[in-house]
2 protein chains.
Amino acid sequence: MISSKLFGAYKLFFGTLANDSRLKIVNVLRDGPQCVNEICESTRFEQSLVSHNLKILEYHGMVFVERKGKYRYYTLNKKTIQPLLELIDAHMKQYCCKILEGQR
Amino acid sequence: MISSKLFGAYKLFFGTLANDSRLKIVNVLRDGPQCVNEICESTRFEQSLVSHNLKILEYHGMVFVERKGKYRYYTLNKKTIQPLLELIDAHMKQYCCKILEGQR
DNA sequence: TAAATATATGAAATTAAATTCATATGAAGA
DNA sequence: TCTTCATATGAATTTAATTTCATATATTTA
């Protein structure tokens, strides 16, 4: 049995990424760091939504921020998040194709 | 840029595991297959809740069912879900200890 | 075949998360 | 220092997911 602490961790982890906006932001950042305005443009989301969600992503160690003058550059955590996304690709491609094609 | 299809896949994947009940069920199944009643006992969840969530887990390829007489045995997908959980362990231990200790 | 056991399911009720709106903060340039 | 640009944030609203309750179905056993 895993510890209840680690158990809570899973909840936090999945909860953070079970959201369209954050998922899109994370994917946009796969191409490299961007400041908030750039993320707004890339995602077509409004600024407030982007900020709220960046905060959540940062809080969970999925992105890092660096201030450069008046800009804040957000970077994806490539050490853990990137390989994870790839593993999930593999799972979904194998088991969830039907779902994605809409044929239940 | 990832395809929108794969993008939808992420949403499905994380959404499925961003839930206390399903997470607990998945963890219980790490120790080996169990039928619904056994899962109810292991998790202390009521039967209806367990069934609803097993259905979701199965639908996303995270568990498999096998009927044995009047019982239905559920097995964790060890090929993809188990290694995934381990990768996530690593991420959370490194980046989310503070969160889990309650010190924001 | 009637009763008991195991599991599933629809729909209502509950609970929680996400988005928007209005506004605040903070740095930089005129 | 006033204005503008970049970003953050609280609170209200909206939207969505989860749980519960009542009941259905399916298999086995008496």
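Letters A, B, ... are given to chains in the order of the sequence lines, protein chains preceding strands, and every chain is numbered from 1.
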Item to check | Short side-chain N/O contact from B:Asn37 to OP1 or OP2 of C:dT5, under 4.0 Å | outcome: no
Item to check | Whole angstrom value for the distance that separates P of C:dA18 from CG of A:Leu23 | outcome: 12 Å
Next on the checklist: Is any side-chain heavy atom of A:Thr43 closer than 4.5 Å to one of A:Asn27?
Outcome noted: no
Next on the checklist: Tell me the interatomic distance from B:Tyr71, atom OH, to C:dT7, atom C1', rounded to whole angstroms.
Outcome noted: 12 Å
Checklist outcome for this item: Tightest non-hydrogen contact, residues A:Gly15 and A:Arg22, listed as O-NH2, 3.4 Å
Checklist entry - Whole Å only: how far is the CG atom of A:Leu57 from the P atom of C:dA18? => result 11 Å
Next on the checklist: Can you list everything that forms a side-chain contact (heavy atoms from CB on, under 4.5 Å) with B:Leu87? Sequence neighbours excluded, please.
Outcome noted: A:Leu84, A:Leu87
Checklist entry - Nucleotide by nucleotide, 5' to 3', does protein get under 4.0 Å of the base (B), only the sugar-phosphate (S), or neither (-) in nucleotides 13-24 of chain D, counting heavy atoms? => result -----SSBBB--
Show the distances under 3.5 angstrom between N or O atoms of the protein and N or O atoms of nucleotides 28-30 of chain D.
none

Checklist entry - Whole Å only: how far is the CD atom of A:Glu41 from the P atom of D:dT7? => result 10 Å
Item to check | Single-linkage hydrophobic cluster, 4.5 Å side-chain cutoff, B:Val26 and B:Val65 together | outcome: yes
Checklist entry - Atom CD1 of A:Ile39 to atom P of D:dA8: distance rounded to whole Å? => result 9 Å
Item to check | Distance, rounded to the nearest Å, where A:Leu17 contributes CG and C:dA18 contributes C1' | outcome: 15 Å
Item to check | Ring geometry between B:Tyr73 and B:Tyr71 (parallel below 30°, tilted from 30 to 60°, perpendicular above 60°) | outcome: tilted
Checklist entry - So how far is it from A:Leu17 CG to B:Lys11 NZ, rounded to the nearest 0.5 Å? => result 12.0 Å
Item to check | Phosphate OP1/OP2 of D:dA8: any A:Tyr74 side-chain N/O under 4.0 Å | outcome: yes
Next on the checklist: Quick one, B:Ser51 with B:Gln47, criterion side-chain hydrogen bond (donor to acceptor under 3.5 Å, both in side chains). Give me CA distance, side-chain angles, the key distance, then yes/no.
Outcome noted: CA-CA 6 Å; B:Ser51 277; B:Gln47 184 268 316; 3.1 Å; yes
Checklist entry - Just by modelled atom types, is the A:Cys35 backbone N or O under 3.5 Å from a matching donor or acceptor in the A:Glu38 side chain? => result yes
Item to check | Nearest atoms (heavy-atom pairs only) where A:Val63 meets A:Tyr74 | outcome: CG2-CD2, 3.9 Å
Checklist entry - OP1 or OP2 of C:dA6 less than 4.0 angstrom from a side-chain nitrogen or oxygen of B:Arg72, does that happen here? => result no
